[in-house]
Amino acid sequence: MEAKDYTALKEEFNKILNEFSYESVVSFKEYAFRDVYKVMLQILGYNTYTEYQTALGRSDLCFEDEDRLYICEFKVIGKADNVKERLEEAKAQIREKRYGLRLSDKEVITLAIVIVNANKDETHGPVREVAAIEEA
């Protein structure tokens, strides 16, 4: 996280997701993914909280260590070909709702996260993965 290697974070999120059975993940909604990642981050030693309310809206997941506060906006989609569009949507929401404007002595990092939860993909069958993580 210190190196802002979000590819590594994406890989870790996907490892956790892959441990769930098909039967459970097929019915996951955004809140279920959020809560799974919240628990994972807690186990890794981060202070975590969900649905953080501000005057302009509510961010999905926040986690922090001694130096940084990460604010995440999740978008769950049913088709892998919409990743870029939904990533831009999440980043726009972060900027519009000013999720990064926080009273903190820590570096604030806002992350847009897109999760594909598709029952069928034209070439590979079911797809369940964090498809993108980008700083907003």
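Note that the structure is predicted; figures quoted are calculated from it, not measured. Side chains included, hydrogens not; waters and symmetry mates left out as well; all remaining heavy atoms used.
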Take Glu107 and Lys4 through the test salt bridge (charged side-chain N to carboxylate O under 4.0 Å, His left out) and record every step on the way to the result.
CA-CA 12 Å; Glu107 177 185 4; Lys4 296 185 179 184; 3.0 Å; yes
According to ring-ring contact (aromatic ring centres under 6.0 Å, His included), who are the partners of Tyr70, at least two apart in sequence or on a separate chain?
Phe63
Report the residues that fulfil ring-ring contact (aromatic ring centres under 6.0 Å, His included) with Tyr99, sequence neighbours left out, ordered by chain and then residue number.
none
Are [X] and [Y] grouped together when hydrophobic residues (ILVMFWY) are joined by side-chain heavy atoms under 4.5 angstrom apart?
{"X": "Tyr49", "Y": "Leu111", "result": "no"}
{"X": "Val108", "Y": "Leu61", "result": "no"}
{"X": "Tyr52", "Y": "Ile109", "result": "no"}
{"X": "Val76", "Y": "Val25", "result": "yes"}

Over all atoms of both residues, closest heavy-atom pair of Ala112 and Leu87:
O-CD1, 3.6 Å
Name the atoms and distances for all side-chain donor-acceptor pairs under 3.5 Å in residues 34-46, with sequence neighbours left out.
residue, atom, partner, partner atom, Å
Arg34, NH1, Glu51, OE2, 2.6
Tyr37, OH, Phe13, O, 3.3
Gln42, NE2, Thr48, OG1, 3.1

Separation of [Y] [atom2] from [X] [atom1] (nearest 0.5 Å):
{"X": "Glu11", "Y": "Ile133", "atom1": "CD", "atom2": "CD1", "result": "10.0 Å"}
{"X": "Arg86", "Y": "Gln93", "atom1": "CZ", "atom2": "CD", "result": "9.0 Å"}
{"X": "Ile77", "Y": "Glu89", "atom1": "CD1", "atom2": "CD", "result": "9.5 Å"}
{"X": "Ser104", "Y": "Leu69", "atom1": "OG", "atom2": "CG", "result": "5.5 Å"}

Using the test salt bridge (Lys or Arg N to Asp or Glu O under 4.0 Å), find all partners of Lys97 that sit at least two apart in sequence or belong to another chain.
none
Pairs flagged by side-chain hydrogen bond (donor to acceptor under 3.5 Å, both in side chains) wherever residues 23-32 is involved - sequence neighbours left out:
Ser21-Ser24
Between Asn82 and Glu85 (side chain of the first, backbone of the second, donor and acceptor by atom type, cut-off under 3.5 Å), is there such a pair?
no
Backbone N or O of Gly78 within a donor-acceptor pair of the Asn117 side chain at under 3.5 Å?
no
Run the numbers on Arg58 and Gln53 for side chain to side chain contact (heavy atoms under 4.5 Å, CB included), then give the verdict.
CA-CA 4 Å; Arg58 196 172 54 206; Gln53 188 77 41; 3.5 Å; yes
Would you mind telling me which of Glu96, Glu134, Glu135 makes a side-chain hydrogen bond (donor to acceptor under 3.5 Å, both in side chains) with Lys91?
Glu134
Does atom CZ of Arg98 have more than 12 heavy-atom neighbours from other groups under 6.0 Å away?
no
Which is it for Ile71 and Ile94 under the side chain to side chain contact (heavy atoms under 4.5 Å, CB included) test, yes or no, and what are the steps along the way?
CA-CA 9 Å; Ile71 300 169; Ile94 289 167; over 6 Å; no
Validation row: Leu17, Arg128 side chains within 4.5 angstrom (heavy atoms)
yes
Do Val116 and Val83 touch side chain to side chain, with heavy atoms closer than 4.5 Å?
yes
Quick one: name the residues clustered hydrophobically with Leu56, using the 4.5 Å side-chain heavy-atom rule over I, L, V, M, F, W, Y, and just say none if it's on its own.
none
Ion pair present between Lys75 and Glu73, side-chain N to carboxylate O less than 4.0 angstrom?
yes
Any ion pair linking Glu129 and Lys15 (charged N to carboxylate O, less than 4.0 Å)?
no
When you look at Val130 and Ile113, which way does the side chain to side chain contact (heavy atoms under 4.5 Å, CB included) test go after all the steps?
CA-CA 7 Å; Val130 174; Ile113 302 172; 3.9 Å; yes
